[in-house]
Amino acid sequence: MDLIEGISDNQVVAVLDIGWGDSGKGKISDYLASLEDGSGKRLFSAVYRPNGGPNTGHTVYHKGEKVVFHLIPSAALVPGLECIIGRMVSFDPVVFSSELENVKRFNPDPNIEIDGSAHVIMPWHIAVDRLREIVGSGSIGTTGKGVGPCMETRCSRKGFVTVDMLADSKTLENMVEEAVLRFEPEIIDLMRRLTVISEGYNDGALNYLATVNMGNDKTLKDFFRGDGRIDINAVLEFYTAHGTSLSKYILGDLLPTIRSTLEEGERILVEGTQGALLDISYGTYPYVTAGLVTRPGLEHDAGIPIDLGINVTKAYATRVGRGPFPTEILDSDLANRLREAGGEYGATTGRPRRVGWLDVVALDHALFLNHGAWGKRIVAVTKLDVLGGFKPRIYNDYKVDGSETDIFCYDEISRATGGSYIEFDEIEDVRGLSRFSELPRNASAYIDAIESNARADVILIGTGQGRHSVIIS
Ligand code: GDP
């Protein structure tokens, strides 16, 4: 498929991650949003982030500088776009404010619109997320940004949404008081347990909270009193101040605006977050994110159907945090070499990512989740340049309990290890290439193997960090 023609033929185009996240979606989105049609008009008039939160980081290199997006769409540096933050984003005003400052350095007057029903991460969400990870028995390696607990509150129908930050002080106070009643007992219990287990640090639970930055010289500790109870006045003051400074961006229901954009014949670029294998329903539960991240999930959260999905995978595999990873490279020297070559450290936490070889069983599963058995499988492969000098493998099946299987099955995935694989000769340097026909022999064989084994049509290859370091069809 010709990339630009394919986009021109569709109105709602989505960038979807078909791995465990971190595939380089931010760069792909930034690139796609910068494309123009034959007449010099941008292909997209709006870019839309329907879900996700501060636990996800999307990196874009712009004018040689690294810009990391969490809540604002990654294409926000492309001037003139409407940038929509949807209602299933877990909205942290501190993260948003600092991201906005960063965006303004390159795009001084971004057109950002925040859905009034996006749920707000409150200090107690961050506190329970972090404390549960430390003292609970079932740590799952969350980023500690409060997203899971914020979604829990949403499901209990007791959440704060962005327009609540604009409410009058009495209404806000009532809401905060009610939330405190619900969260305080768990926080006090977790703090007590942390203080007990951390006697060795000699600093206690409150001092742990003091290490969590909340912007404007505040830390998480500033929202708690000495006895570990929540300081309601501190919370009110904080959210009222953020509501005032962000009021111009917090709008009501954005779906009518999205609808009229489409009815006027414009195109929207939808940005997915995380990766299909981290989907709460179809990923490797419980080592998953707290939301829906496959194509149907993204459509649900966006409120609109997606016409064309561009499925992004790295040329190799990575996973951050715990959970099954059948094709993980266990040779630590080789793993370190690949991690360093790819800069595989979390954009949000800086944690080293686990690295592995491309896993066609997992890719096929993700593509099935996104497009069903016979749908078009349009794929972008990022970071092919990173494999320069490596002899990569592509795994075609798993070994589970001594047998081989090419089916990704939730019951078995935690016992699966890499099975049969294709090994490739050393991949050449592909930096600076811009056409498929220029791909050298081994790199070309590698892409061909992805296409044939995953039944995919590779329409874009990443050859470097910059916006234009791509090969397109
Ligand atoms: P995302 O969350 O999917 O956007 O991915 P991350 O931001 O966590 O990580 C992707 C990293 O890979 C970023 O630092 C990107 O700049 C970088 N990246 C994306 N595509 C390419 C590529 O084709 N080559 C190289 N070398 N880096 C890339």
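Heavy atoms only: backbone and side chains are in, while hydrogens, waters and symmetry mates are out. One-based numbering, in listed order, for ligands and for the atoms of each.
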Exercise. Find all atoms of ligand 1 within a distance of less than 4.0 Å from any non-hydrogen atom belonging to H58, and give their numbers and elements.
Key: 1 (P), 2 (O), 4 (O), 7 (O)
Quiz item: Quick one: does ligand 1 sit under 4.0 Å from the side chain of D22, the backbone, both or neither, non-hydrogen atoms only?
Solution: both
Quiz item: To which of Q465, K383, K314 does the heavy atom nearest atom 11 (C) of ligand 1 belong?
Solution: K383
Practice problem: Apply side chain to side chain contact (heavy atoms under 4.5 Å, CB included) to N336 and list each qualifying residue two or more places apart in sequence or on a separate chain. | Solution: R339
Practice problem: From atom 8 (O) of ligand 1, work out which of R353, Q274, E344, K25 has a heavy atom at the shortest distance. | Solution: R353
Quiz prompt | Side-chain donor-acceptor contact under 3.5 Å, D359 with Y398 | solution = yes
Practice problem: Could you name the option among G275, G462, G24, G464 that has the heavy atom nearest to atom 21 (C) of ligand 1? | Solution: G464
Quiz item: Which atoms of ligand 1 sit under 4.0 Å from any heavy atom of Y61?
Solution: 14 (O), 16 (O)
Exercise. Verify the distance criterion only: is there a donor paired with an acceptor across the side chains of D307 and N10 at less than 3.5 Å?
Key: no
Quiz item: Of the choices G57, S23, S74, A315, which has the non-hydrogen atom that lies closest to atom 6 (P) of ligand 1?
Solution: G57
Quiz item: So, do E82 and E113 sit near enough that their side-chain heavy atoms are less than 4.5 Å apart?
Solution: yes
Quiz item: Do the side-chain N and O atoms of S420 and D397 include a donor-acceptor pair separated by under 3.5 angstrom?
Solution: yes
Practice problem: Please check if any side-chain donor atom of T211 sits under 3.5 Å from a side-chain acceptor atom of R130, or the reverse. | Solution: no
Exercise. Taking only heavy atoms of G26 into account, list the atoms of ligand 1 that are under 4.0 Å away from them.
Key: 4 (O)
Quiz item: Do any nitrogen or oxygen atoms of T59 come within less than 3.5 Å of a nitrogen or oxygen of ligand 1?
Solution: yes
Exercise. Please identify each residue that fulfils side chain to side chain contact (heavy atoms under 4.5 Å, CB included) with I280, with sequence neighbours left out.
Key: Y285, V288, L292
Quiz item: Looking at T463, which atoms of ligand 1 are within less than 4.0 Å of one of its heavy atoms?
Solution: 23 (O)
Exercise. Determine, for R431 against D385, whether the closest basic-nitrogen to carboxylate-oxygen distance falls under 4.0 angstrom.
Key: no
Exercise. List every atom of ligand 1 that sits less than 4.0 Å from any heavy atom of V386, numbering the atoms from 1 in the order shown and giving each element.
Key: 26 (N)
